[in-house]
Amino acid sequence: MNTTLPILFQRRHILPDGRLPIRIAPGIQMDTIKEALKNNGIFGVCMYDPSDEQQFYEIGTRVQIEDFEPELVDGLLQITVIGLDNFEVQAFGEGEETGIYYGECKILSRWPDAKLSVTQQLLAERLEIMYEKYPELADLHDDKQLSNLSWLCQRWLEILPVPVREKQWLLNRPNCLETSDYLMSIMLDPH
């Protein structure tokens, strides 16, 4: 399925079934959110890395506004979005009058759910430890699918400082198995 989405570029990453609070600045970001509200609060979030010469990446996540703070904080609107599915941008464009970025996007298949092996249980255990240490992360997810390898891999990709190019490559795989291997190698052989 192809669709056109208004796009926000973010350094923080969100994937399907993830939740992310985003602070929205006046100007193009606020205009993008207003445009999204015309379509049930749905827009695209693309990964952005100012230190990389590529900077903008093709694989993003279609999100929906789930909640917002009614009061501006430091002049910024705080919204919380939920990840619906990933997409691949076929073409970027910019609204001539608004400056809003749009993407012609091809919706990608979601990773199928997968059960944890005994070894992969480490991913769930370490995520629970992370949630205990950082309760604000835990509070984002009412339905923690700790026995679903796909869900676990996506949550780890959201929070670990994995280079964006590597995340993009992993997200382009048909399932979570290569991501699981990658994450397990990090956890079993920390640097």
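Sequence positions, counted from 1, serve as the residue numbers for this chain. Remember, it's a predicted structure, so these values are computed and weren't measured experimentally.
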At what distance, to the nearest 0.5 angstrom, does CZ of R23 lie from CD of Q10?
12.0 Å

Find out if a path of hydrophobic residues (ILVMFWY) with successive side-chain heavy-atom gaps under 4.5 Å connects M1 to Y102.
no

Mind checking whether N86 and N172 have side chains closer than 4.5 Å, heavy atoms only?
no

Test item: D143 and D17 side chains (from C-beta on) under 4.5 Å apart, heavy atoms
no

Give the intermediate values and the outcome of side chain to side chain contact (heavy atoms under 4.5 Å, CB included) for residues K167 and L170.
CA-CA 5 Å; K167 284 186 185 185; L170 291 167; 5.7 Å; no

Could you state whether I28 and I22 fall into the same hydrophobic cluster, counting links through intermediate Ile, Leu, Val, Met, Phe, Trp or Tyr residues with side-chain heavy atoms under 4.5 angstrom apart?
no

Dump the intermediate steps for side chain to side chain contact (heavy atoms under 4.5 Å, CB included) on L15 and R155, then the final yes or no.
CA-CA 8 Å; L15 298 172; R155 300 302 67 83; 3.9 Å; yes

In this structure, CD of Q64 is separated from CG of L84 (nearest 0.5 Å) by 5.5 Å

For N2 and E104: C-alpha separation, side-chain torsions, deciding distance, then whether side chain to side chain contact (heavy atoms under 4.5 Å, CB included) applies.
CA-CA 7 Å; N2 288 348; E104 293 294 327; 5.9 Å; no

Of all heavy-atom pairs linking E178 and N175, the shortest is N-OD1, 4.4 Å

Which atom pair, heavy atoms only, marks the closest approach of P16 to R110?
CB-NH2, 3.7 Å

What's the spacing between D181 CG and L188 CG if we round to 0.5 Å?
10.5 Å

Keeping H141 on the side-chain end and D139 on the backbone end, is there a donor-acceptor pair under 3.5 Å?
no

Test item: M187 and L123 side chains (from C-beta on) under 4.5 Å apart, heavy atoms
yes

Does any non-hydrogen side-chain atom of L5 lie less than 4.5 Å from one of F43?
no

Pairwise distance CG(L171) to CD(Q154) - rounded to 0.5 angstrom:
7.5 Å

Once rounded to the nearest 0.5 Å, what's the spacing between atom CD1 of I65 and atom CD1 of I33?
4.5 Å

Just verifying a value: how many Å separate L177 CG and C153 SG, rounded to the nearest 0.5 Å?
8.0 Å

Determine, step by step, whether I14 and E158 satisfy the side chain to side chain contact (heavy atoms under 4.5 Å, CB included) criterion, reporting the C-alpha distance in whole Å, the side-chain angles of both residues, the deciding distance to 0.1 Å, and the verdict.
CA-CA 6 Å; I14 181 169; E158 288 172 340; 3.9 Å; yes

How about F68: does its CZ atom have over 12 heavy atoms from other parts shown lying under 6.0 Å from it?
no

Nearest heavy-atom neighbours spanning W156 and L183
CB-CD1, 3.7 Å

Note: K144 and W151 closest approach over all heavy atoms is CA-CH2, 3.7 Å

Smallest heavy-atom separation, C105 atom then I7 atom, equals SG-CD1, 4.4 Å

Here the pair of heavy atoms bringing K115 nearest to Q120 is O-OE1, 3.8 Å

Axial cation check for W169 ring with R165, 6.0 Å and 45° limits
no

Non-hydrogen side-chain atoms of I24 and L8 separated by less than 4.5 Å
yes

Taking a hydrophobic cluster as the set of Ile, Leu, Val, Met, Phe, Trp and Tyr residues connected by side-chain heavy atoms closer than 4.5 Å, whether directly or through intermediates, do W111 and M47 fall within one such cluster?
yes

Are any non-hydrogen side-chain atoms of L76 and Q29 less than 4.5 angstrom apart?
no

Side-chain contact, heavy-atom cut-off 4.5 Å: L140 with P21?
yes

In one Ile/Leu/Val/Met/Phe/Trp/Tyr side-chain cluster, 4.5 Å: I100, I79:
no

Does a side-chain heavy-atom distance below 4.5 Å link Y134 with I159?
no

When hydrophobic residues are tied together by side-chain contacts of less than 4.5 Å, even through go-betweens, does I42 share a cluster with Y101?
yes

Which label fits F9 and F92: parallel for a plane angle under 30°, tilted from 30 to 60°, or perpendicular past 60°?
tilted

